[in-house]
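Below is one structure, written out as structure tokens; the observations come after it.
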Amino acid sequence: MAAPTLIAALEHNVKRILMCRPTHFQLAYSINPWMDMQKGVNRKKAMEQWENLKSTLESSGAKVHIMEAQGAESLPDMVFAANAAVIKGTKAYLANFAHPERKGERYFFEEWFTNNGYQCVGDLDIHFEGAGDALWGGDQNKTLFVGVGTRTEFRALSDITTKLDDGTNWKVIACRLIDPRFYHIDTAFCPLNEQVAIYYPYAFDHVTQHNMRNETDLIPVSSKEARNFACNAVVVGQNVIMHEGNDEIANKLAKLGFNVRFVNMSEFIKSGGSAKCCTLAI
Ligand code: ARG
């Protein structure tokens with residue numbers, strides 16, 4: 001077994017989350033349909049929303065680690081830590097961003113992971129956008145659902161399988177994203193536990209919907225709430241933290257015993273991301 005990281009050794013049994021402070025967050029370019037340059041971000045409000053998300057995660061039982069954005073003035077999207085990497089044990093398979101605007105983020109995250117005891121792997125020839133496009137779920141959380149077709153390339157799957165191999169039994173499945181508004185898998189799919197996930201069916205092609213259903217039970221989210229980032233939720237135990245105004249799915253989840261906690265993520269939604277995008281499970 002690989003040597004445990006300091007963090008993992010100290011905090012086993014707690015949900016650990018990495019967040020990056022939105023010091024330089026703004027709309028400086030448009031790389032997805034949500035990013036309307038006319039809108040402009042209220043940076044003070046963004047910082048308050050991010051702090052509120054952080055304290056909501058903490059009071060839900062998560063241990064939040066903060067990465068500062070020092071030196072990253074030209075990387076306004078670095079707040080979306082979900083995109084940095086996907087983690088398996090002590091290995092971090094790093095992102096290789098599809099858009100040149102975000103490529104520089106990799107080096108900051110690589111430094112953080114290395115300094116915190118993770119072994120960094122990845123491939124600079126294959127586009128892959130971290131846990132924004134790769135979510136663990138299904139039986140014993142042994143299925144990695146990888147969103148392909150918009151940002152992440154299909155050939156990332158075999159490379160991830162090889163480089164995150166730890167001798168245990170787990171698999172990767174490809175989930176084809178077909179709607180440009182749902183350009184990362186975490187905008188349209190969220191495993192709640194090993195049995196069940198919420199998803200927006202029409203973000204995926206038919207074969208994908210079928211394949212996903214073989215791995216986990218799926219609760220559909222309406223088009224209205226999917227566009228309100230209902231699927232971009234963070235799960236901490238029985239708590240599900242998501243952007244406000246998603247009452248329909250929240251009521252369904254409450255009936256299943258989940259505790260939905262709403263946060264206001266309006267400033268980040270202008271950039272195409274919500275609660276989950278601002279977090280990375282480490
Ligand atoms: N503006 C960012 C982009 O388009 C938003 C990233 C959202 N992150 C996520 N995990 N869905 O890349």
Side-chain angles (χ1 to χ4, degrees), residues 17-41 43 46 49-50 53 57 67 69 72 74-87 92-106 108-109 127-137 144-153 156 175 177 179-191 198-200 203-204 221 226-235 241-243 263 265-282:
I17 288 175
L18 176 64
M19 292 178 75
C20 176
R21 203 181 301 280
T23 315
H24 309 296
F25 175 60
Q26 59 164 317
L27 281 183
Y29 48 75
S30 176
I31 56 171
N32 70 53
W34 304 93
M35 300 176 87
D36 175 354
M37 301 288 288
Q38 308 301 322
K39 278 191 181 153
V41 160
R43 292 174 76 167
Q49 291 178 349
W50 183 88
L53 171 64
L57 294 169
M67 184 177 114
S74 60
L75 299 168
D77 276 343
M78 211 158 82
V79 63
F80 299 114
N83 296 119
V86 64
I87 310 295
Y93 187 105
L94 295 176
N96 173 32
F97 288 90
H99 292 284
E101 290 88 342
R102 295 196 66 185
K103 283 196 185 291
E105 296 177 32
R106 177 187 168 111
F108 290 89
F109 283 109
H127 292 154
F128 170 68
E129 296 209 348
D133 260 339
L135 297 173
W136 294 102
L144 187 63
F145 297 81
V146 176
V148 297
T150 42
R151 300 284 181 90
T152 293
E153 290 179 79
C175 303
L177 293 160
D179 181 330
R181 292 170 302 178
F182 302 96
Y183 57 92
H184 280 139
I185 195 170
D186 72 356
T187 63
F189 174 63
C190 176
I198 55 173
Y199 82 138
Y200 177 54
F204 301 98
V221 170
R227 283 183 279 112
N228 195 39
F229 285 79
C231 298
N232 199 248
V234 192
V235 182
I241 296 101
M242 67 169 71
H243 179 57
V263 286
M265 298 299 292
S266 64
E267 297 315 294
F268 299 97
I269 286 175
K270 292 175 186 169
S271 186
S274 183
K276 160 65 173 61
C277 299
C278 292
T279 70
L280 177 66
I282 55 171

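In each ligand, atom 1 is the first atom listed, and ligand 1 is the first ligand listed.
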Problem set entry | Under 3.5 Å: N/O of N83 near N/O of ligand 1 | yes

Exercise. Looking only at heavy atoms of F97, does any of them come nearer than 4.0 Å to an atom of ligand 1?
Worked result: no

For this session: Using a strict cut-off of 4.0 Å, indicate which atoms of ligand 1 neighbour a heavy atom of R151.
Result: 3 (C), 4 (O), 12 (O)

Exercise. Under 4.0 Å from any heavy atom of G132, which atoms of ligand 1 are there?
Worked result: 10 (N)

For this session: For the residue pair I241 and V263, establish whether any side-chain heavy-atom pair is separated by less than 4.5 Å.
Result: yes

Problem set entry | ligand 1 atoms in contact with S271 (distance to a heavy atom under 4.0 Å) | 1 (N), 2 (C), 5 (C)

For this session: Would you indicate whether the side-chain heavy atoms of R151 and F97 approach each other to under 4.5 Å?
Result: no

Problem set entry | Proximal atoms of ligand 1 relative to Y183 (non-hydrogen, under 4.0 Å) | 4 (O), 5 (C), 6 (C), 7 (C)

For this session: Hey, can you tell me if W34 and F182 have their rings parallel, tilted or perpendicular (30° and 60° cut-offs)?
Result: perpendicular

Exercise. Taking C-beta and beyond as the side chain, do S274 and M242 meet within less than 4.5 Å on heavy atoms?
Worked result: no

Problem set entry | Under-4.0 Å heavy-atom contact with ligand 1, by part of E129 that carries it | neither

Exercise. Is the closest side-chain heavy-atom distance between F268 and F80 below 4.5 Å?
Worked result: yes

Problem set entry | Residues, nucleotides or ligands: over 12 heavy atoms within 6.0 Å of K103 NZ | yes

Exercise. Is it the side chain, the backbone, both or neither of C277 that has a heavy atom closer than 4.0 Å to ligand 1?
Worked result: both

Exercise. Are any non-hydrogen side-chain atoms of M265 and C278 less than 4.5 angstrom apart?
Worked result: yes

For this session: Answer whether the closest heavy-atom distance between the side chains of T150 and P180 falls below 4.5 Å.
Result: no

Exercise. Any idea which heavy atoms bring C231 and T187 closest together, and the distance?
Worked result: CB-O, 3.6 Å

Problem set entry | Shortest heavy-atom approach to atom 11 (N) of ligand 1 - which of N32, I185, D186 | D186

Problem set entry | R102 N/O to ligand 1 N/O under 3.5 Å | yes

For this session: May I ask you to identify, for H99, whether its side chain, its backbone, both or neither come under 4.0 Å of ligand 1 on a heavy-atom basis?
Result: neither

For this session: Among all protein heavy atoms, pick the one closest to atom 2 (C) of ligand 1 and tell me residue, atom and distance.
Result: D77 OD2, 3.3 Å

For this session: Just jot down the ligand 1 atoms closer than 4.0 angstrom to any heavy atom of A82, in number order.
Result: 10 (N)

Exercise. Has ligand 1 got any nitrogen or oxygen that is less than 3.5 angstrom from a nitrogen or oxygen of N232?
Worked result: no

Problem set entry | Proximal ligand 1 atoms for M35, defined as those under 4.0 Å from one of its heavy atoms | 1 (N)

For this session: Check whether any side-chain heavy atom of V86 lies under 4.5 Å from a side-chain heavy atom of W136, and answer yes or no.
Result: yes

Problem set entry | I31 neighbourhood, listing ligand 1 atoms whose heavy-atom distance to it stays under 4.0 Å | 3 (C), 4 (O), 12 (O)

